[in-house]
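Right, one structure below, let's go through it.
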Amino acid sequence: QVQLVESGGGLVQAGGSLRLSCAASGRTFSGSAMGWFRQAPGKEREFVAAIDWSGGRTYYADSVKGRFTISRDNAKNTVYLQMNSLKPEDTAVYYCNAAKSWQGALATFPRPSVLDSWGQGTQVTVST
């Protein structure tokens, strides 16, 4: 059973920062690329950021590039999303998910509707 548990969301003013965490089960995490996604009210879930198993490769959605940083701690089976300079349009439920390879991540993460085994997500609300 795949388990993904997101945490760290909250209410923050525009310009502020938050750090999200995603704890994954060992089978999910080991060797996997990991990604962050978000879904705003009334909108489809969208890709935010991805990182490969080693942490040496990352890529970001244009909307968060330069403001968000994805990282991972393989010893803790955890992936993080540091979010700085938050904007009201970043308000959404944030989720993480996994891909078996970096190539798999590149193929599937831009289309999160093809992924399954989502966690409950963590709410991020950015006020003006």
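Hydrogens, waters and symmetry mates play no part in the numbers below; they use all other heavy atoms, side chains included.
A side chain to side chain contact (heavy atoms under 4.5 Å, CB included) with W36 is found for one member of L20, N97, V64, I51 and no other, namely L20.
A donor-acceptor distance shorter than 3.5 angstrom exists from the side chain of R67 to the backbone of S85, with no hydrogens or angles considered. Between the side chain of T91 and the backbone N or O of V126, at least one donor-acceptor pair lies under 3.5 Å. Side chain of T125 to main chain of L11: no donor-acceptor pair is present (N/O by atom type, distance under 3.5 Å, no hydrogens or angles). Of the possible polar contacts, none joining the S63 side chain to the A61 backbone as a donor-acceptor pair under 3.5 Å is found. Q39 contributes a side-chain N or O that, together with a main-chain N or O of K43, makes up a donor-acceptor pair within less than 3.5 Å.
Contact between A105 and A99 at its shortest, heavy atoms only, is N-CB, 3.5 Å. Between L4 and A24, the closest heavy-atom pair is CD2-CB, 3.7 Å. Scanning all heavy atoms of the two residues, the minimum distance from F37 to F47 falls at CD2-CA, 3.6 Å.
Atom CD of E44 sits in a sparse spot, with 12 or fewer heavy atoms from other residues, nucleotides or ligands closer than 6.0 Å.
Taking CZ from R72 and CG from N77, the interatomic distance works out to 9.0 Å, rounded to the nearest 0.5 Å. In this structure, E6 CD and S21 OG are separated by 10.5 Å, a value rounded to the nearest 0.5 Å. Distance check, rounded to the nearest 0.5 Å: OG1 of T69 to CD of Q82 gives 7.0 Å. A distance of 12.5 Å separates CH2 of W102 from OG of S32, quoted to the nearest 0.5 Å.
A 4.5 Å side-chain heavy-atom check between M34 and T78 finds every atom pair outside the cut-off. Annotation: side chain of L115 is not in contact with side chain of R45 (no heavy-atom distance under 4.5 Å). Residues C22 and V5 are not in side-chain contact: their nearest non-hydrogen atoms beyond the backbone lie 4.5 Å or more apart. The shortest side-chain heavy-atom distance between L81 and R19 does not fall under the 4.5 Å cut-off.
Counting only residues at least two apart or in different chains, ring-ring contact (aromatic ring centres under 6.0 Å, His included) contacts with residues 60-98 comprise Y95-W118.
Residues satisfying the salt bridge (Lys or Arg N to Asp or Glu O under 4.0 Å) criterion with K65, sequence neighbours excluded, are D62.
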**Request:** Run the numbers on W53 and N74 for side chain to side chain contact (heavy atoms under 4.5 Å, CB included), then give the verdict.
**Result:** CA-CA 8 Å; W53 166 244; N74 290 342; 3.6 Å; yes
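Linking Ile, Leu, Val, Met, Phe, Trp and Tyr whenever their side-chain heavy atoms come within less than 4.5 Å leaves F29 and F109 in two separate clusters. Clustering ILVMFWY residues whenever any of their side-chain heavy atoms sit less than 4.5 angstrom apart, transitively, puts L18 in the very cluster that holds V79.
In summary, the side chains of N84 and S17 do present a donor paired with an acceptor at a separation below 3.5 Å, with no hydrogens or angles considered.
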